[in-house]
Amino acid sequence: MARDELAGLIERAALAAQARGLLPDVKLPEFTVEPPTRAEHGDYATNLAMRLARAARMSPTAIAATLIQSLPANDVIACAEVAGAGFINLTLNPQWVARRIAKILEVDGAYGNNSTGGGRRVQIEFVSANPTGPLHAASGRAASLGAALGNLLRASGWQVELEYYVNDAGSRLAVFGESILARYLAARGVTGPRTEVPKEGYLGEYVTEYATHLAAEHGDRFEVMAIEDAIPLLARMGAEHMIERHRADMAALGIEFDVWFREQSLHDSGDVTAIVDELRQRGHVADRDGAVWFQTTALGDDRDNVLVRSNGTPGYMTADIAYHRNKFITRGFDKVIDIWGADHQGHVGRMKASMQAIDLDPERLTILLHQMVVLRRGAEVVTMSKRQGNIIALSDVIEEVGPDACRFFFLTRSADSQMDFDLELAKRQAADNPVYYVQYSHARTSSILQVASSRGIDPPTGADAAPYSHPGEIALVRFLIHYPQVVADAATDLEPHRLTFAAQELASLFNAFYRDCRVLPSDHVPLDTATVRSRLLLVAATRAVLAHVLSLIGVSAPDRMDRSDEPTE
RNA sequence: GGCCCCGUAGCUCAGUUGGAUAGAGCGUUUGGCUACGAACCAAAAGGUCGGGAGUUCGAAUCUCUCCGGGGUCACCA
């Protein structure tokens with residue numbers, strides 16, 4: 001990547017200067033090499049001279065001058081100059097840049113990838129909603145985040161597995177079964193207390209719909225059955241039904257999980273009881289009030305947690321510890337990323353503590369929290385309670401605004417930032433979604449290449465690489481050169497939202513280039529062949545990078561867009 | 001009350017991990033198609049970066065403190 005190459009040259013300059021006694025022999029500090037905010041400051045700028053000033057006891061500008069003098073011979077940097085308080089502004093060699101642009105096409109879709117993952121295995125677990133109801137719109141955030149992060153890490157040389165954890169064994173499930181039974185009996189024409197949904201039960205319309213469907217399909221089957229048998233059976237059937245709907249929603253968003261992991265499997269295999277024994281052996285357990293407690297306070301958490309309730313059933317956390325043990329020890333992932341909503345924030349410390357308790361390095365587990373999505377219909381804030389049933393279903397959102405707009409939208413804010421989601425607004429603004437701006441630019445590149453081809457102009461190749469000089473070309477080229485670094489940094493920092501911003505910036509740069517720099521000759525604008533070919537190369541390179549970033553985000557890169565494709569009514 | 005996230009243009013949000021004159025989209029005003037796609041482009045207006053103090057060559061970014069918004073503190077998940 002350009003930045004690494006430049007940093008290497010700068011570092012060699014510093015070492016050379018030290019060897020010749022031009023700079024004192026101090027340890028080199030961390031320094032940055034990055035595109036400056038202002039174009040006239042060159043392609044890249046480094047702050048090494050300023051960072052070195054204190055230890056070297058020299059003025060930053062003097063150090064900068066010395067570093068420039070000591071730069072080794074190379075074909076990357078065309079010009080280096082001292083600026084401001086001691087910055088070194090670097091201008092890339094136009095020949096080198098042109099060759100780099102040509103390479104974008106030669107590597108065939110791989111431009112933008114990096115190998116920082118080094119083939120290590122990472123698992124990303126996300127969404128993992130309870131199968132007691134349909135996914136609500138807010139789940140789109142975790143889904144978009146997780147899927148894009150997976151793409152990002154895969155493009156960075158990681159072996160990625162996407163996983164959905166299905167809580168098919170929790171105590172909520174029984175309540176779900178009771179809720180279904182009540183609605184089912186009502187649908188069968190039964191009256192009285194048996195048709196009342198339990199106190200903490202699920203009141204959503206979807207329960208009634210499902211129960212009515214059951215009544216039609218199965219007749220009196222669950223009515224004549226013993227209630228102790230009917231509840232777990234209905235719970236299981238209802239859960240399977242919901243899981244299929246979750247799967248369908250994810251598929252509609254273009255997200256396919258490698259593994260749908262069942263909590264029940266951990267109970268069946270004995271892993272859940274085994275983890276309690278293991279924790280006891282390691283001395284992290286206390287028996288109190290008839291329950292078994294995990295002494296997380298001893299590990300820095302603010303309270304202890306129940307492993308086995310006094311009624312003998314395992315606590316929520318017990319299966320979760322067994323689950324994470326399974327991820328690391330049974331399946332051997334090098335790294336695990338869990339994506340949780342901010343409402344689970346309090347659980348982070350406990351999870352880390354439990355890693356420590358079973359002798360796993362907590363650093364291998366990253367818990368990525370995203371802030372809440374506030375759902376509303378116009379001015380009315382809609383609660384996200386699945387129990388109350390007053391939800392905006394994710395499937396409705398996908399249907400209304402389309403998968404591309406949905407995926408892109410949820411990545412237009414950083415995970416740390418709270419998000420308002422207004423379904424009415426989303427519908428109305430579907431056509432204004434920035435995803436279309438980016439896709440339009442991609443279609444435009446395709447169109448230009450198409451027109452060129454129809455006029456008998458050969459597709460551009462590496463042989464067309466020639467220095468770019470127009471400001472519109474240069475701004476675009478700069479972005480393309482820097483792009484792989486954007487991907488690498490977003491992957492390192494686990495911040496996929498940078499992709500949507502990068503995509504919009506690239507589209508904007510391309511559109512400005514398109515206005516200022518004619519690519520194909522016309523009656524009004526004659527162009528020499530070399531210019532046409534080098535610009536065509538730039539268009540093709542832009543197209544490749546737009547396609548790359550769109551694929552990381554998880555949306556399509558269409559070659560044409562028609563107004564009639566608008567998802568508005 | 002403890003812990004976590006946020007507070008940046010009228011609105012919604014970025015801000016390359018401490019750098020040069022703080023940016024984008026939407027909205028407002030104005031201009032641009034007989035041209036490779038106008039779902040586009042350009043210009044203008046719009047800011048005590050919540051307030052205050054500190055750290056240093058340099059702070060939207062780091063520390064402390066206060067104010068405001070959200071989340072969370074169960075033998076629920």
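Residue numbers start from 1 in every chain, and the chains themselves are labelled A, B, ... in the order their sequence lines are given, proteins ahead of strands.
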**Student:** Are the side chain of A:S508 and the backbone N or O of A:Q504 linked by a donor-acceptor pair below 3.5 Å?
**Tutor:**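 It does not hold such a pair.
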**Student:** Take the angle between the ring planes of A:F176 and A:Y202 and call it parallel below 30°, perpendicular above 60°, tilted in between.
**Tutor:**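 A:F176 vs A:Y202 ring planes: perpendicular.
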**Student:** Check this one for me: any side-chain N or O of A:S522 less than 4.0 Å away from OP1 or OP2 of B:A35?
**Tutor:**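 No, outside the criterion.
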**Student:** Which is true for A:S447 with a 4.0 Å heavy-atom rule: it touches a base, it touches only sugar-phosphate, or it touches nothing?
**Tutor:**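 Result for A:S447 = base.
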**Student:** Can you tell which of A:K352, A:H347, A:Q295, A:R350 makes a side chain to side chain donor-acceptor pair (under 3.5 Å) with A:D301?
**Tutor:**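 Only one of A:K352, A:H347, A:Q295, A:R350 forms a side chain to side chain donor-acceptor pair (under 3.5 Å) with A:D301, namely A:R350.
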**Student:** Applying a 4.0 Å non-hydrogen cut-off, can you work out what A:D320 is touching in the nucleic acid: base, sugar-phosphate, or nothing?
**Tutor:**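 No contact.
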**Student:** NE2 of A:H370 versus C1' of B:C4: gap in Å, rounded?
**Tutor:**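 Rounded to the whole Å, the gap is 14 Å.
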**Student:** Give a yes or no on whether a salt bridge exists between A:R535 and A:E473, defined as a side-chain N under 4.0 angstrom from a carboxylate O.
**Tutor:**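 Here A:R535 pairs with A:E473 in a salt bridge, since their nearest N and O are under 4.0 Å apart.
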**Student:** Across all strands, who's sitting opposite B:C3 as a Watson-Crick or G-U wobble pair, both distances under 3.5 Å?
**Tutor:**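 Across any shown strand, B:C3 pairs with B:G71.
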**Student:** Can you tell me if A:S414 touches the phosphate of B:A14, counting only side-chain N or O atoms and a distance under 4.0 Å to OP1 or OP2?
**Tutor:**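 For B:A14, OP1/OP2 do have a side-chain N/O of A:S414 under 4.0 Å.
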**Student:** Using a 4.0 Å heavy-atom cut-off, does A:A53 contact any base of the nucleic acid, only the sugar-phosphate backbone, or nothing at all?
**Tutor:**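 Counting heavy atoms under 4.0 Å across all strands, no contact is made by A:A53.
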**Student:** Quick one: label A:Y316 by what it contacts on the DNA or RNA (base, sugar-phosphate, nothing), any heavy atom closer than 4.0 Å.
**Tutor:**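 Touches a base.
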**Student:** Can you tell me how far P of B:G15 sits from CG of A:L499, to the nearest Å?
**Tutor:**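 After rounding, the gap between these two atoms is 12 Å.
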**Student:** So what does A:R51 touch, heavy atoms closer than 4.0 Å: a base, only the sugar-phosphate, or nothing?
**Tutor:**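 Base: the residue A:R51, judged by heavy atoms under 4.0 Å, touches a nucleobase.
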**Student:** Starting at OG1 of A:T61, measure out to CE of A:M50 and round the result to the nearest 0.5 Å.
**Tutor:**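 Between A:T61 OG1 and A:M50 CE, I get 10.5 Å after rounding to 0.5 Å.
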**Student:** On a plain distance test, is the side chain of A:T412 in donor-acceptor contact with the base of B:C13 below 3.5 Å?
**Tutor:**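 Such a pair does not exist between side chain and base.
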**Student:** Quick one: label A:N47 by what it contacts on the DNA or RNA (base, sugar-phosphate, nothing), any heavy atom closer than 4.0 Å.
**Tutor:**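 Base contact.
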**Student:** Measure from the side-chain heavy atoms of A:A512 and tell me the nearest of B:C4, B:C36, B:A42.
**Tutor:**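 Minimum distance to the A:A512 side chain belongs to B:A42.
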**Student:** With a non-hydrogen cut-off below 4.0 angstrom, is A:A45 in contact with a base, only sugar-phosphate, or nothing?
**Tutor:**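 Result for A:A45 = base.
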**Student:** Does A:R444 count as lying over the ring of A:Y514, i.e. NZ or CZ under 6.0 Å from the six-ring centre, within 45 degrees of the axis?
**Tutor:**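 Yes, cation above the ring, under 6.0 Å and within 45°.
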**Student:** Reckon A:N89 touches a base, only the sugar-phosphate, or nothing at all at heavy-atom distances under 4.0 Å?
**Tutor:**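 Base: the residue A:N89, judged by heavy atoms under 4.0 Å, touches a nucleobase.
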**Student:** Quickly work out the A:R54 CZ to B:U55 P distance and round it to whole Å.
**Tutor:**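 Between P of B:U55 and CZ of A:R54: 13 Å.
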**Student:** Which is true for A:V308 with a 4.0 Å heavy-atom rule: it touches a base, it touches only sugar-phosphate, or it touches nothing?
**Tutor:**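 Here A:V308 touches no strand at all.
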**Student:** Less than 3.5 Å between a donor and an acceptor, one on the side chain of A:N305 and one on the base of B:A74, is that the case here?
**Tutor:**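 Answer no: no donor N or O sits under 3.5 Å from an acceptor.
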**Student:** In the strands shown, is B:U55 matched to any nucleotide by a Watson-Crick or G-U wobble pair with both distances under 3.5 Å, and which?
**Tutor:**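 The answer is none; no pair meets the criterion.
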**Student:** Classify the angle between the aromatic ring planes of A:H497 and A:F501 as parallel (below 30°), tilted (30 to 60°) or perpendicular (above 60°).
**Tutor:**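 If you compare the ring of A:H497 with that of A:F501, the planes turn out perpendicular.
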**Student:** When you check the glycosidic angle of B:U8, does it come out syn, meaning within 90° of 0, or anti?
**Tutor:**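 Anti conformation here, the glycosidic angle of B:U8 being more than 90° from 0.
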**Student:** Taking the C1' atom of each, how far is B:A9 from B:G47, in whole Å?
**Tutor:**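 That atom pair is separated by 6 Å.
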**Student:** Looking across every strand, which nucleic acid part, if any, lies under 4.0 Å from A:M50 by heavy atom: base, sugar-phosphate, or nothing?
**Tutor:**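 It contacts base atoms.
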**Student:** Using the side-chain heavy atoms of A:D289, tell me which of these nucleotides is nearest: B:U17, B:G37, B:C75.
**Tutor:**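 Output: B:C75.
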**Student:** I'd like the C1' distance from B:U8 over to B:G15, given in whole Å.
**Tutor:**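 My reading of the C1' atoms in B:G15 and B:U8 gives 9 Å.
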**Student:** In whole Å, what separates the P atom of B:G37 from that of B:U28?
**Tutor:**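 That atom pair is separated by 29 Å.
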**Student:** Counting only side-chain heavy atoms from C-beta out, which of B:C4, B:G15, B:U34 sits nearest to A:H524?
**Tutor:**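 For the A:H524 side chain, the nearest candidate turns out to be B:U34.
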**Student:** If we call it a pair only when both distances are under 3.5 Å in a Watson-Crick or G-U wobble match, what pairs with B:U61?
**Tutor:**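 Result: none.
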**Student:** Which nucleotide, B:G70, B:A20, B:A77, lies nearest any side-chain atom of A:H344?
**Tutor:**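 Output: B:A77.
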**Student:** What nucleotide, of B:C36, B:C75, B:U17, holds the atom closest to the side chain of A:E34?
**Tutor:**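 The answer is B:U17, which lies nearest to the side chain.
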**Student:** Is the phosphate of B:A39 approached by A:Y440 (side-chain N or O, under 4.0 Å from OP1 or OP2)?
**Tutor:**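 Yes, because at least one side-chain N or O of A:Y440 sits under 4.0 Å from OP1 or OP2 of B:A39.
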**Student:** Closest approach to the side chain of A:A83, judged atom by atom: which nucleotide of B:A20, B:A77, B:A35 is it?
**Tutor:**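 Nearest to the side-chain atoms of A:A83, counting from C-beta on, is B:A20.
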**Student:** Using purine N1 to pyrimidine N3 plus N6-O4 or O6-N4 for Watson-Crick, or N1-O2 and O6-N3 for G-U wobble, each under 3.5 Å, what pairs with B:C13?
**Tutor:**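 Here B:C13 is engaged in a pair, and the nucleotide opposite it is B:G23.
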**Student:** Are A:T37 and B:G15 close enough that a side-chain N or O sits under 4.0 Å from OP1 or OP2?
**Tutor:**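 A:T37 to B:G15 OP1/OP2: no side-chain N or O under 4.0 Å.
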**Student:** Please tell me if A:Y437 has a side-chain N or O lying less than 4.0 Å from either OP1 or OP2 of B:C41.
**Tutor:**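 Answer yes for this pair, as a side-chain N or O of A:Y437 is under 4.0 Å from OP1 or OP2.
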**Student:** Determine the Euclidean distance between corresponding P atoms of B:A22 and B:U55; express it in Å to zero decimal places.
**Tutor:**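 To the nearest whole Å, 24 Å.
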**Student:** Rounded to the nearest Å, what distance is computed from the CG atom of residue A:L476 to the P atom of nucleotide B:C40?
**Tutor:**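 It is 18 Å, rounded to the nearest whole Å.
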**Student:** Quantified in whole Å, what is the C1' atom distance between nucleotide B:G50 and nucleotide B:G69?
**Tutor:**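 Between the two C1' atoms, the distance is 11 Å.
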**Student:** Does B:A74 have OP1 or OP2 sitting under 4.0 Å from an N or O in the side chain of A:R303?
**Tutor:**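 So the side chain of A:R303 is outside the cut-off, no N or O lying under 4.0 Å from OP1 or OP2 of B:A74.
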**Student:** Between B:U16, B:C36, B:A42, which nucleotide gets closest to the side-chain atoms of A:R515?
**Tutor:**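 Selected nucleotide: B:A42.
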**Student:** Searching all strands shown, indicate the nucleotide that pairs with B:A42 (Watson-Crick or G-U wobble; both distances under 3.5 Å).
**Tutor:**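 For B:A42, the partner nucleotide comes out as B:U30, under the 3.5 Å rule.
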**Student:** So, is A:N511 close to the B:C41 phosphate, meaning a side-chain N or O under 4.0 Å from OP1 or OP2?
**Tutor:**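 Result: yes.
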**Student:** I'd like the C1' distance from B:G46 over to B:G25, given in whole Å.
**Tutor:**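 About 15 Å, rounded to a whole number of Å.
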**Student:** Does a side-chain N or O from A:R444 land closer than 4.0 Å to OP1 or OP2 of B:C40, or not?
**Tutor:**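 Answer no for this pair, as no side-chain N or O of A:R444 is under 4.0 Å from OP1 or OP2.
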**Student:** Give one of base, sugar-phosphate or nothing for A:V519, where a contact means two heavy atoms less than 4.0 Å apart.
**Tutor:**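 Contact class for A:V519: base.
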**Student:** If you assign each of A:A452 and A:D432 to its closest nucleotide in RNA chain B, which residue comes earlier from the 5' end?
**Tutor:**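 It is A:D432, whose closest nucleotide lies nearer the 5' terminus.
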**Student:** Looking only at side-chain N and O atoms, does A:Y514 come under 4.0 Å of OP1 or OP2 in B:A38?
**Tutor:**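 It does, given that an N or O in the side chain of A:Y514 lies less than 4.0 Å from OP1 or OP2 of B:A38.
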**Student:** Would you say the ring centers of A:F126 and A:H370 fall short of 6.0 Å from each other?
**Tutor:**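 Ring centroids of A:F126 and A:H370 are no less than 6.0 Å from each other.
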**Student:** Mind checking the P distance from B:U56 to B:G51? Whole angstroms is fine.
**Tutor:**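 Looking at atom P only, B:U56 and B:G51 are 23 Å apart.
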**Student:** When you get a sec, tell me which of B:A35, B:A77, B:C6 is the closest nucleotide to the side chain of A:N167?
**Tutor:**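 Of B:A35, B:A77, B:C6, B:A77 is nearest to the side chain of A:N167.
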**Student:** Any side-chain N or O of A:H497 below 4.0 angstrom from OP1/OP2 of B:G15?
**Tutor:**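 So the side chain of A:H497 is within the cut-off, an N or O lying under 4.0 Å from OP1 or OP2 of B:G15.
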**Student:** Please tell me which of A:I88 and A:M317 maps to the more 5' nucleotide of RNA chain B, matching each residue to the nucleotide holding its nearest heavy atom.
**Tutor:**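 Its nearest nucleotide being more 5', the pick is A:I88.
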**Student:** In terms of base orientation, is B:C40 syn or anti, with the syn window spanning 90° either side of 0?
**Tutor:**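 For B:C40, whose glycosidic angle is more than 90° from 0, the conformation is anti.
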**Student:** Does atom CD of A:E30 have more than 12 heavy-atom neighbours, drawn from other residues, nucleotides or ligands, at distances under 6.0 Å?
**Tutor:**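 Open: at most 12 neighbouring heavy atoms sit under 6.0 Å from CD of A:E30.
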**Student:** When you compare the ring of A:F87 with the six-membered ring of B:G19's base, are the centres less than 5.5 Å apart and the planes under 30° from each other?
**Tutor:**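 Here the ring of A:F87 and the base of B:G19 are not stacked, as the 5.5 Å and 30° limits are not both satisfied.
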**Student:** Tell me whether the count of non-hydrogen atoms from other residues, nucleotides or ligands lying under 6.0 Å of CZ in A:R455 goes above 12.
**Tutor:**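 Yes, enclosed.
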**Student:** Determine the interplanar angle of the A:F421 and A:F410 rings, folded into 0 to 90°, and report it as parallel if under 30°, tilted if 30 to 60°, perpendicular if over 60°.
**Tutor:**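 A:F421 and A:F410: parallel rings.
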**Student:** Using atom C1' in both nucleotides, what's the gap between B:A77 and B:G27 to the nearest angstrom?
**Tutor:**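 Per the computed distance, 42 Å lies between those C1' atoms.
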**Student:** With a 4.0 Å cutoff (strictly under), does any side-chain N or O of A:S171 reach OP1 or OP2 of B:A77?
**Tutor:**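 Looking at the OP1 and OP2 atoms of B:A77, one of them is under 4.0 Å from a side-chain N or O of A:S171.
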